[in-house]
Each structure stands twice: as C-alpha cells, then as structure tokens.
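Every chain is numbered from 1, with letters handed out A, B, ... down the list of sequences.
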There are 2 protein chains.
Amino acid sequence: MVTIQTPTEAEDRLAREVLERVTAKWPLSVMRVLAEANAPLRFSRVLERVQGISQKVLTQTLRTLERDGLITRTLYPQVPPRVEYELTTLGGELLVQVLSLWRWIVGRLPDFAAPGGIEHGVVA
Amino acid sequence: MVTIQTPTEAEDRLAREVLERVTAKWPLSVMRVLAEANAPLRFSRVLERVQGISQKVLTQTLRTLERDGLITRTLYPQVPPRVEYELTTLGGELLVQVLSLWRWIVGRLPDFAAPGGIEHGVVA
DNA sequence: CAGAATCCTACCCGATACTG
DNA sequence: CAGTATCGGGTAGGATTCTG
C-alpha cells in the first residue's frame, strides 16, 4: 500500500486551493511559456511572451508558483541582475494534467451552452 | 476525422474561461452536491448541503452553471414555487474530469512546497 | 534588469432586508 | 420557497513611478 485512497478533509482542501490557484487568470499562461521555452527564461522574456500581463502581476504570479514548488527562481547576483525561471518536474507534470483537461473541454465546447456568457432573450 | 487537433485561439480562450469559472470558489462544491444527490435538488436543499455558501452567491453560481450547460433548472410554477436543479450529462462528465485532476493533486501533495501558503523565514 | 511601492478601479463575496 | 435588491469590506489586477 502506497497511498490512502480516501483523501482527508485537509488534503481535499489543500488540493482544492492548488487547483484554484493554478487555474486562476495567469499561472497557466506563465507555465505554458516556461514549458514551451524548454529552458530557463529571464523575467523580461516571460513578460514579453505572456500576452497582456503586467509586471506587478507577473511578479506575484511567479512568486506564488515558486512557493507552490511549480517553478524555480534562480538569481545571478550581477549588475544588472539576472533572474531565471524554469518549470520544476512537478510543475511540468501538473501542466500536462491541466492541459489534458483543457483539451477535453475544447473537444466538448459545442456542448457547452454559453462559454462566453450569454444575454438572455430580452430585446430592448 | 472527427475533431481538429490544434485548438484555435478562440477555442483555447473559451475553454480557458470555462476552466476558470468551474474551478472558482463554489461551482465544484455545488456540482458535487448535485452529483451525490443523484436526483433533482431544490434550491434550499442545495443551500443546506453546500457548507458556507450564502444564498446570493448560490443563486449566482447556479445561474452561471446553467448558462454553461452544466446543470438544468426546472421551475414548477406553484405557490410557493418549487425549483429543482440537476447535473446535465455534460456537467457530470466535466465533474469527473476535474475530480480526477483533483485526486492527482492530492496524490502529489507532499511534493508541493506550500499549498497552504507560507511565511518566509522572518522571525520577528 | 528585475523588481518594489503606490494609487486606483472593478469585482467578488458576505450580510441583511424585502417580495411574488 | 426561491429568489431580488442593496450596502459594504476585501482583494485581484492594471498603470505609473521609482530603485539597487
């Protein structure tokens, strides 16, 4: 026996929080960029490649991802400083899982009623 | 050939939005309750069973889930009114997918650094 | 270059009435 | 019973400015 099959309340809650954080507005885009780069990326490179994110929010997102163990942050103490970000193994694996779900949703998109949001049938 | 393997930008965005909405604070709990009931549930029953949700937010959540095609809302025009909610097939399938991801995260929880959030090593 | 600090806005959510 | 309406606090996120 390796793991317990019934999650405890606490495990459930923690996993829930991870899921909510990672599916928030920006983290997946950041992780995707890092995955596609397939190499460490500097802060400014990430900022360029994640369409529409602001510097502040990127910083926050990177910090959260680092805290969760999904990316690494490496500081090279030079002037000017160089900082590189890279997906961890866990981060890469999680991304694969989420992308799989993502693709499943894409495949069923026609079945979703109003993924973009709908106005109800009020004319005027 | 049944589906296109490369999602368009638009599909990607829509699926992203679905994923973000469904993993938001309450929808999964609501869907879980409906799934476990395995039968139509009245509004007040759902309100009772979803721990901690307010009536206003439950209404909003149900509306969003309905718009997305994940649940059905059936109104019986009586006095007092009776309204029943039930998972759609799509909703049930999506829930299965997400629960699977959820369980995967639970299994890897030890690898996550600080799922609950961490204070950095500042003593005072 | 890689951020920290600040200001500001928009939403989200919770609590509390009120109604068909 | 199943909502709607309203108010208020907290927070995520954007734009801008400053700094080691």
Side-chain angles (χ1 to χ4, degrees), chain A residues 13 16-31 33-34 37 39-68 71-86 116-117 119-120 122, chain B residues 13 16-30 33-34 37 39-68 71-86 116-117 120 122:
Chain A
R13 228 196 63 251
R16 188 61 240 295
E17 288 171 13
V18 168
L19 183 58
E20 190 170 348
R21 270 204 298 280
V22 84
T23 56
K25 190 170 187 184
W26 296 108
L28 285 177
S29 306
V30 172
M31 292 175 75
V33 161
L34 291 178
L41 276 190
R42 303 187 61 155
F43 184 86
S44 16
R45 299 300 136 254
V46 181
L47 187 58
E48 287 165 7
R49 299 182 196 195
V50 179
Q51 265 296 357
I53 198 172
S54 71
Q55 175 266 316
K56 193 189 79 175
V57 173
L58 176 57
T59 300
Q60 286 173 173
T61 303
L62 290 168
R63 293 280 190 270
T64 303
L65 289 172
E66 188 197 2
R67 275 188 358 191
D68 281 347
I71 65 171
T72 58
R73 175 181 186 272
T74 309
L75 164 67
Y76 299 89
Q78 314 168 347
V79 177
R82 179 161 63 102
V83 178
E84 292 186 345
Y85 295 92
E86 192 172 13
E119 299 312 318
H120 282 223
V122 182
Chain B
R13 229 197 60 252
R16 187 62 239 295
E17 287 172 14
V18 168
L19 183 57
E20 190 170 347
R21 270 203 298 279
V22 84
T23 56
K25 189 169 186 184
W26 295 109
L28 285 177
S29 306
V30 172
V33 161
L34 292 179
L41 277 189
R42 302 187 61 155
F43 183 87
S44 16
R45 299 300 136 253
V46 181
L47 187 58
E48 287 165 7
R49 300 182 196 194
V50 178
Q51 265 297 355
I53 198 171
S54 71
Q55 177 269 321
K56 193 190 77 175
V57 172
L58 177 57
T59 300
Q60 287 174 173
T61 303
L62 289 168
R63 292 281 189 269
T64 303
L65 288 172
E66 188 198 1
R67 275 187 358 189
D68 282 346
I71 65 171
T72 57
R73 176 181 186 272
T74 309
L75 164 66
Y76 299 89
Q78 313 167 347
V79 177
R82 179 161 63 103
V83 178
E84 292 186 343
Y85 296 92
E86 192 172 12
H120 282 222
V122 182

Worksheet item: Minimum heavy-atom separation for A/P27 to A/A24, with atom names?
Response: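 Scanning both residues, the minimum pair turns out to be CD-O, 3.6 Å.
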Worksheet item: Would B/L28 and A/R16 count as a side-chain contact (heavy atoms from CB on, under 4.5 Å) if you check the C-alpha gap in whole Å, the side-chain angles of each, and the deciding distance to 0.1 Å?
Response: CA-CA 9 Å; B/L28 285 177; A/R16 188 61 240 295; 3.9 Å; yes
Worksheet item: Quick one: which of B/E86, B/R82, B/R73 gives a side-chain contact (heavy atoms from CB on, under 4.5 Å) with B/P40?
Response: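 That would be B/E86; it is the only one of B/E86, B/R82, B/R73 passing the side-chain contact (heavy atoms from CB on, under 4.5 Å) with B/P40.
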Practice prompt. Can you spot which of B/V30, B/T61, B/L34 makes a side-chain contact (heavy atoms from CB on, under 4.5 Å) with B/V50?
Written response: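 Checked B/V30, B/T61, B/L34 against B/V50; only one passes side-chain contact (heavy atoms from CB on, under 4.5 Å): B/V30.
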Fill in: Contacting residues from residues 42-49 of chain A, given that a heavy atom lies under 4.0 angstrom of DNA chain D
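None, since no heavy atom is under 4.0 Å.
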Worksheet, complete the sentence: The contact string for nucleotides 8-18 of chain D, one letter per nucleotide 5' to 3', using protein heavy atoms under 4.0 Å with B, S and - for base, sugar-phosphate only and none, comes out as -----BBB---
Item to complete: Please determine if a side-chain N or O atom of B/Y85 lies less than 4.0 Å away from the OP1 or OP2 oxygen of D/dG3.
Response: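 Answer is yes, contact under 4.0 Å.
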Practice prompt. May I ask you to test the B/T23-A/V22 pair for a side-chain heavy-atom distance under 4.5 Å?
Written response: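 The answer is no, as the side chains (C-beta and beyond) never meet within the 4.5 Å cut-off.
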Worksheet item: Do the non-hydrogen side-chain atoms of B/I53 and B/V46 ever get within less than 4.5 Å of each other?
Response: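 B/I53 vs B/V46: side chains apart.
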Distance from [X] atom [atom1] to [Y] atom [atom2], nearest 0.5 Å?
X: A/E17; Y: A/D68; atom1: CD; atom2: CG; answer: 9.5 Å
X: B/T74; Y: B/R42; atom1: OG1; atom2: CZ; answer: 12.0 Å
X: B/Y85; Y: B/T72; atom1: OH; atom2: OG1; answer: 10.0 Å
X: B/R63; Y: B/R67; atom1: CZ; atom2: CZ; answer: 11.0 Å
X: A/I71; Y: A/M31; atom1: CD1; atom2: CE; answer: 8.5 Å
X: A/L58; Y: A/F43; atom1: CG; atom2: CZ; answer: 4.0 Å

Worksheet item: Which residue, A/R63 or A/P81, contacts DNA chain C at a nucleotide closer to its 5' end, judged by nearest heavy atom?
Response: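 The residue mapped nearer the 5' terminus is A/P81.
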Worksheet item: Between which nucleotides of DNA chain C, read 5' to 3', does contact with chain B run, using atoms under 4.0 Å from its heavy atoms?
Response: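 It runs C/dC13 to C/dG20.
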Fill in: Residue pairs fulfilling salt bridge (Lys or Arg N to Asp or Glu O under 4.0 Å) with at least one residue in residues 46-60 of chain A, sequence neighbours excluded
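Found A/R45-A/E48.
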Practice prompt. Mind listing the residues from residues 72-80 of chain A sitting with a heavy atom below 4.0 Å of DNA chain C? Number order is fine.
Written response: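 The stretch gives A/R73, A/P80 as the residues lying under 4.0 Å from the strand, ordered by number.
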Discussion item. If you count heavy atoms of other groups shown closer than 6.0 angstrom to CD of B/Q51, is the number above 12?
Written reply: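 At most 12 heavy atoms, drawn from other residues, nucleotides or ligands, come within 6.0 Å of this atom.
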Practice prompt. Give the angle between the helix axes at the two ends of the helix from C/dC1-D/dG20 to C/dG20-D/dC1, taking five base pairs at each end and rounding to 10°.
Written response: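 That helix has its two terminal axes inclined by roughly 40°.
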Discussion item. Assess, by modelled atom type and distance only, whether the side chains of A/T59 and A/Q55 contain a donor and an acceptor separated by less than 3.5 Å.
Written reply: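 Per modelled atom types, A/T59 and A/Q55 side chains form a pair under 3.5 Å.
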